[in-house]
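Below: the structure, in structure tokens.
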Amino acid sequence: MSVHNNEIVEIFSRVADLMEIKGENSFRVRAYREAARVIGDLSEQAAQMVEEGRDLTEYKGIGKDLAEKIREIVKTGHLTLLDSLEKEVPPSLLDLMKIPDIGPKKVAVMYRELGIKTMEDLKQALADGKISSVKGFGEKTEQKIFASISMPKKGSVPRMLWYDAEPSALAFKQYLGAIPHVDKVYLAGSFRRGKETVGDLDVLVVCEEGYEEAVMDAFVGFEEVHHVYEKGTTKSSVLLRNELQVDIRIVPLASYGAALHYFTGSKAHNLAIRKLAINKKVKVNEYGVYDGSKQIAGKTEEAVYAAVGLPYIEPELRENLGEIEAAKAGMLPALIERGDILGDLHMHTTRTDGRNSLAEMAQAAKALGYEYIAITEHSQKVSMAGGLNEKDLRDYMEVIDALGEEIDGIAVLKGIEVDILPDGGLDLPDSVLKELDIVIGSVHYQQRFPVKQQTNRIVKAMDNPYLQILGHPTGRLLNKRDPMDVDLEKIIAAAKEKNVALELNAQPDRLDLPHPYCKLAADTGVKIVVSTDAHSTENLKRMKNGITEARRGWLTKENVVNTRPLGKMLAMLRR
DNA sequence: GCCGTTTTCGGCCCGACTGTTTTCAGTCG
């Protein structure tokens, strides 16, 4: 049984937390956290690297010692260091760190002074009025702990889909923009980076000097605000009724570029930029870039980057996953844009589980300015959705052709989303598949096979000469279902060899292919199709979300098949 | 514990807010 990257991440994070409570050197703690982040962002399995005898220290943040610890985890399934830490520090203390404003130091003191190990112990101590007697704890802290024991900690509420956060974000932006003396409002953070899910909303405000306090008052007075975590003159933090956490910062106009950069993150990107700045003997903070006490940049993001010797880096790339090195080398990709897309190759109609008719879908796509669409219903195996058998499909192909005759200005292609069967066969015979313009193959059932079996199943499906696109390759549903256990490196290699394209499914809870693999696929020379899998005319607009993920995956117009005009697109998909 | 066109030792991003202090530590992002 092979160890997954996320298990290594979990172990390193636990080690870091326990060390912190123990009072270990904070830089050592940071090294474990950094290593956890690096492993979490890998687009390959560390276990496989270990098996192949490859050197893990090639990744920045993994040194000799941590590489050896990863090897131990892969070989034995656990880490001796963690085992001994858990003997010294009760793991139940980690639960206490989830309380707002309670960190490792306070947990350690409560444990040492009062023997508090669990949430129950803490409640008892509160009931006995013991907390405020401890050095460093006062009345307010006691009350705060009492009040917040039931309140979700900042950042502990489940991350919301970007798509679900967008309406609140825009509403909030509008509300803030209407406050008197507010000049500019920006949505920064992971929302601006287009991350699939957002943990909180970071809002940046520029207002007329002297009105900061009034603006903050208005901010926390927003009717959707459920709880105020903290409130100052330049920085405040609240929880909305819909469980979205919002942080706001007010900055002077002269600093807004630096603040926007700082507040957009990611944290890892910012750290790397600040290190670059140190090498150049300048300092970067949210107010600007400083040479001594002199501000040399800050008004725009471009100027901030220029001050550390870099060209502008798009927000979607700011994850410290190679973008800084690429920027230094002048190798940043020209990211794909929504306007580059000429057609949508994956959608359903009322013939199976869609909500709009064929004609409605075609008209809606035409209104979006597309040159072509493909109608790709489910195949028979997906009976829940009313999937089509061979005869149904042939009948529907005639209907599609008839509509094509009728409607001007958009090509309506005949397609199918054919089910990939457990043995790697396809759910419809070649005799009908070969008559279609677009054949997407997708896995819908038996998603819990072991990794080898699942990978072989998909690779075998790609042997079918009529399969052109592998649909939603991992099967993940964000916040609902984990991705299948598949070896995506192998699948990408097979896609290259067999000339099959991979879908980047734009459904907001799929965004599948995930961005690290978009990058790997593009680097390997595998073609990508960005498509919506729309089940209604409204869904067609979700192309935007797919394009954001594509940008996070470094994709350019050239990497994506459906940026080509009809004839070229079809030629590219031909095998 | 990691890392290095100034370094293999001595650094390690930077600042706001809060509470308990009486000049600062802890927490957070």
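Lettering of chains follows the sequences in order, A, B, ..., and the numbering in each one begins at 1.
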From [atom1] of [X] over to [atom2] of [N], roughly how many Å is that when rounded to an integer?
X	N	atom1	atom2	value
A/R274	B/dC13	CZ	C1'	5 Å
A/E20	B/dT27	CD	C1'	10 Å
A/F137	B/dT27	CZ	P	8 Å
A/R28	B/dC9	CZ	P	20 Å
A/R33	B/dC13	CZ	P	14 Å
A/I278	B/dT7	CD1	P	17 Å
A/H269	B/dG29	NE2	P	20 Å
A/I99	B/dT27	CD1	P	12 Å

Cation over ring face, [X] and [Y], 6.0 Å, 45°:
X	Y	result
A/R318	A/Y312	yes
A/R542	A/Y163	yes
A/K117	A/Y111	no

For nucleotides [N] and [M], find the distance between their [atom1] atoms and express it as a whole number of Å.
N	M	atom1	result
B/dT22	B/dT18	C1'	16 Å
B/dT21	B/dG26	C1'	12 Å
B/dT6	B/dA16	C1'	34 Å
B/dT20	B/dC24	C1'	9 Å
B/dG29	B/dC13	C1'	12 Å
B/dT8	B/dG1	C1'	14 Å

What's [X] touching, base or sugar-phosphate or nothing? Going by heavy atoms closer than 4.0 Å.
X	value
A/K64	sugar-phosphate
A/G265	nothing
A/V284	sugar-phosphate
A/T233	sugar-phosphate
A/L66	sugar-phosphate
A/K267	base
A/K69	sugar-phosphate
A/E34	nothing

5'-most by nearest nucleotide on DNA chain B - A/V107 or A/S236: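 This one resolves to A/S236.
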
Please figure out whether A/N25 or A/F263 has its closest DNA chain B nucleotide nearer the 5' end.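 Per heavy-atom nearest nucleotide, the more 5' residue is A/N25.
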
Passes salt bridge (charged side-chain N to carboxylate O under 4.0 Å, His left out), A/D482 versus A/R476? Steps please. CA-CA 5 Å; A/D482 285 338; A/R476 73 170 176 181; over 6 Å; no

Counting just side-chain N and O atoms, does [X] come under 4.0 Å of either OP1 or OP2 of [N]?
X	N	result
A/S26	B/dC12	no
A/S237	B/dC17	no
A/N270	B/dC13	no

Tell me which nucleotide among [options] gets nearest to the side chain of [X].
X	options	result
A/K105	B/dG26, B/dC17, B/dC12	B/dG26
A/T141	B/dT27, B/dT20, B/dG1	B/dT20
A/L271	B/dG1, B/dG19, B/dC13	B/dC13
A/D202	B/dG29, B/dT18, B/dT27	B/dG29
A/K283	B/dG15, B/dG19, B/dT27	B/dG15

Atom OG in A/S190, atom CD in A/E196: separation rounded to 0.5 Å?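 Nearest 0.5 Å value for the OG-CD distance: 10.0 Å.
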
Would you call the rings of A/Y175 and A/F172 parallel, tilted or perpendicular, where under 30° means parallel and over 60° means perpendicular?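 Correct class here is parallel.
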
Would you call the rings of A/H261 and A/Y305 parallel, tilted or perpendicular, taking 30° and 60° as the class edges?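 Plane angle over 60°, so perpendicular.
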
For B/dG1, what is the paired nucleotide under Watson-Crick or G-U wobble rules, both distances under 3.5 Å?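 For B/dG1, the partner nucleotide comes out as B/dC12, under the 3.5 Å rule.
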
Have a look at A/I11 and tell me which of A/N6, A/I73, A/I70 forms a side-chain contact (heavy atoms from CB on, under 4.5 Å) with it.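 Going through the options one by one, the only one that passes is A/I73.
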
Side chain of A/K231, base of B/dT18: donor and acceptor closer than 3.5 Å?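 When only heavy-atom distances are counted, A/K231 does not reach the base of B/dT18 through any donor-acceptor pair under 3.5 Å.
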
Does the B/dG29 base have a donor-acceptor partner in the side chain of A/Y262 within less than 3.5 Å?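 Answer yes: a donor N or O sits under 3.5 Å from an acceptor.
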
